[in-house]
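The structure appears right after this line, and notes come after that.
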Amino acid sequence: MNQDYIQPNEWSIIEEGFEPKRVKSSESLFSIGNGAMGQRANFEENYSGETFQGSYIAGVYYPDKTRVGWWKNGYPEYFAKVLNAPNWIGIDIKINDETLDLDTCKEVSKFRRELNMKEGWLARSFEAVLQNNIKISVHIKRFLSLELDEIGAIHYQIKPISGDATITFNPYLDASITNEDSNWADQFWDVLSINQYKNQSFIVAKTMKTNFHTCTFMQSKVFVDGTEVLIDAINTTSEKTASSSYQQEISKNQIFAIQKFGGYIVDRNHPKNALIEAAKDALDEAVRFGFDSLLEMQKQSWSKIWEMADISIAVDVKAQQGIRFNIFQLNQTYLGTDASLNIGPKGFTGEKYGGSTYWDTEAYCIPFYMATKDQSVARKLLEYRYNHLEKAIENAQKLGFKNGAALYPMVTMNGEECHNEWEITFEEIHRNGAIAFAIFNYHRFTNDYSYIPEKGLEVLIGIARFWHQRATFSSDKNKFVILGVTGPNEYENNVNNNFYTNYIAKWCLNYALKNIEIVKNDHISDFKRIKEKTAISDVELAAWKNVADLMYFPYSEKHQVYLQQDGFLDKELISVAALDKSQRPINQKWSWDRILRSPYIKQADTLQGFYFFEDDFTTEELARHFDFYEPFTVHESSLSPCVHSIQAAKLDRMEQAYTFYLRTSRLDLDDYNHEVEEGLHITSMAGTWMSIVEGFGGMRVKNNTLSFEPKIPKQWISYSFKVNFRNTIVKINVQQNGTHFTIDGNEELTIIVNEKPIKVTPNNLVTV
């Protein structure tokens, strides 16, 4: 834990007291989004202190030319960047001609910020004494509508409390924005037009290179003591901005307020030549509803989400706050309405990692979306990869692979590889396996096999061809080996025979072979189409099986564990416990050379394989591997604590499981890795959900049946969650003295609890 200023609260993230050093961290933590757009919690009014301005539009990106390595053969020419979009939230404010700026105020008191997760809004309030000695009280509330996902709304009110004042609101749009992480300081946006009509303003701009056309828009209304005041706005424009000015004489203790509606229209959803018209329609609809009605719709939308997705924990407020924060941010980032979108590691909260798609989606996010939403949402995530299959084949061709071998990118926006670190881009090839595993996981959970013959088998064939060609036969070992890779543990680069990579390669080959046989026998027309398209042959399939059967796995007889990679025991095996705390996190304190020579593990690696394929190993084997590797794991990847929490729970080590759960659930709230100001760890938040549902709840699908092995931390009285299993809603309430199960629907469901079958009938409570 590196910060502890967020107030414990079951349904809200609350900050009290203004501290400039916390501004950038809070901008991340209080971020808001609606799946179509999002923004950091920047102040609406001017702030001259240190800040990270950020507003983002889903699916809009720029191919920023990479700074290093692009001359190497096959190296990606660009790194895709989610773009900092034109700012629509800004409202410059003057009190008796003095600019409101919390960085320059003489005094700021009663500062409070709240992100209400239950209802989906962000609020801020404070009192301030300006340089001209005017004292004011300010209250702001804003949200991004889930129902009208092109619209955001702000209600900003000021009350002078030291005397009468002339207050001026200057709402504006600003397209002169830049990205924090631009490689070459390129111009990302080209402003095409700026238009104003009475109290409406529009900036039409397009992205350079990718040519996305957008319209940023706003409309405002002002009020005195709750009554709308019709003031003719003074409109002004510059090369990249549009603003309006509303001025009013306000008596002491009167309230002057502005309601501002704004957002983005994108040519992904509208014709390029009709963006302003679409923006006008969006504004007309927003104004017709009004701020209060839109807010009520927002509350109802979030109520529906929470009805299915909530996890309730009795007594432990910090644990409760943590899981709800994670669930809230996941739903702000992705709602499954658009198959062309995916889940970036930072979502709409920052620019690190480019905002692109990683293997995190398949490994961590799909289970959350499968269980808390309709299965069509998870299927869209699978279709996203199918739609990029041709690009994955092209990516492999650039590296010398052939015959339809597919290498899915480490990072992508449109299917092209756009990651610019050699040891990740070309060596962290295990991502191919996660994509295949997601297909298996989807079928296992939903029992929907239709995706595989319709689309998924083509993906599996491309991936199997890659593994077949990537493996090398070692005459010395009489086995197939995979050389020069980086496993999930990115603190080891260019190693040979990473256990997880080799294991998932073997599994992918066998899984592809299994499904080819099923489709061949049970989906004859699909098989004919796929065979003609891919030209698979019996000879090729036999070669795949040979590679799978002869795959090599490094093993230590001394330690009775699979080795993370061939050379792991050559390292000086000093545990993390022996590290001086001043050396942590090592990725911020050590040279990369020192990290690579150390035994320290960034995240679950060999243990990731034990998590995915736990049925292949005994509990005793898991215990040995956990005890061997966890002491060397620094958990400096956000994806690490959740896997360890799940496995510790499986081993009945509940105190350790609980500690890992708190770390994953409060990773950002408590800023464990000293980096929250860069943005939140969105994809790992799904791992927090997994820690409870799969870890403490022990949820699995075994023998085509939903299974639970419930456990509960001693710190909790109870916890409860729901899962949508094959269109039946199952509610699980785990208490210290037993577990209760109920289902919604009309049909009974047999589940397995602690290895015993239990029949649950609709609207009847079953206690185990």
Check this for me: K731, atom NZ, are more than 12 non-hydrogen atoms of other residues, nucleotides or ligands nearer than 6.0 Å? no

Give a yes or no on this: more than 12 heavy atoms of other residues, nucleotides or ligands lie within 6.0 Å of atom NZ of K373. yes

Salt bridge present between E119 and K141 (N-O < 4.0 angstrom): no

Check for a donor-acceptor pair, side chain of Q219 on one end and backbone N or O of K221 on the other, with a separation under 3.5 Å. no

Determine whether a donor-acceptor pair (N or O, by modelled atom type, separation under 3.5 Å) exists between the side chain of S28 and the backbone of G679. yes

Salt bridge flag under 4.0 Å for residues E678 and K346: no

In plain terms, say whether D310 and R324 are close enough for a salt bridge, that is, a side-chain N and a carboxylate O under 4.0 Å apart. yes

Please check if atom CD in Q7 has more than 12 non-hydrogen atoms from other residues, nucleotides or ligands closer than 6.0 Å. yes

Below 4.5 Å, heavy atoms only, C-beta onward: do V138 and E44 meet side chain to side chain? no

Which residue, Y61, Y62, F188, Y264, forms the ring pair (Phe, Tyr, Trp, His ring centres under 6.0 Å) with F212? Y61

Between Y156 and K260, is there a donor-acceptor pair closer than 3.5 Å when you use the side chain of the first and the backbone of the second? no

Given 3.5 Å as the limit, does a donor-acceptor pair link the side chain of Q157 with the main chain of Q259, or not? no

Y334-Y369 aromatic ring centre distance below 6.0 Å: yes

Is the gap between the ring centers of W359 and Y408 under 6.0 Å? no

In Å and rounded to the nearest 0.5 Å, what is the CG to CZ distance from D670 to R663? 10.5 Å

Is the count of non-hydrogen atoms from other residues, nucleotides or ligands lying under 6.0 Å from E307 atom CD greater than 12? no

State whether the number of non-hydrogen atoms from other residues, nucleotides or ligands found under 6.0 Å of E16 atom CD is greater than 12. yes

Could you give the distance from CG (L100) to OH (Y47), rounded to the nearest 0.5 Å? 12.0 Å

The single option from W121, W306, F325, W302 passing ring pair (Phe, Tyr, Trp, His ring centres under 6.0 Å) against W11: W306

Exactly one of E114, E45, E15 should register a salt bridge (Lys or Arg N to Asp or Glu O under 4.0 Å) with R124. Which one does? E45

Under a 4.0 Å N-O cut-off, is there an ion pair linking E10 with K118? no

Can you tell me which residue pairs pass the ring-ring contact (aromatic ring centres under 6.0 Å, His included) test with a partner in residues 673-694, sequence neighbours excluded? F368-W689

Side chain N87, main chain S55, donor-acceptor under 3.5 Å: no

Measuring centre to centre across the rings, with the benzene-like ring taken for any Trp, is F256 within less than 6.0 Å of F169? yes

Is the number of heavy atoms from other residues, nucleotides or ligands under 6.0 Å of K110 NZ greater than 12? no

Tell me whether the guanidinium CZ or amine NZ of K280 lies under 6.0 angstrom from the six-membered ring centre of Y197 and within 45° of its axis. yes

Using a strict threshold of under 4.0 Å (side-chain N to carboxylate O), is an ion pair present between E362 and R385? yes

From CE (M117) to CD (Q332), nearest 0.5 Å: 10.0 Å

Interatomic spacing from CG in D174 to CH2 in W88 - rounded to 0.5 Å: 14.0 Å

Test side-chain contact (heavy atoms from CB on, under 4.5 Å) on F111 and E19 and set out the steps. CA-CA 9 Å; F111 182 94; E19 173 53 68; over 6 Å; no

Which heavy atom of E417 sits nearest a heavy atom of P409, and at what distance? OE1-CA, 3.1 Å

Would you call the rings of Y719 and F721 parallel, tilted or perpendicular, taking 30° and 60° as the class edges? parallel

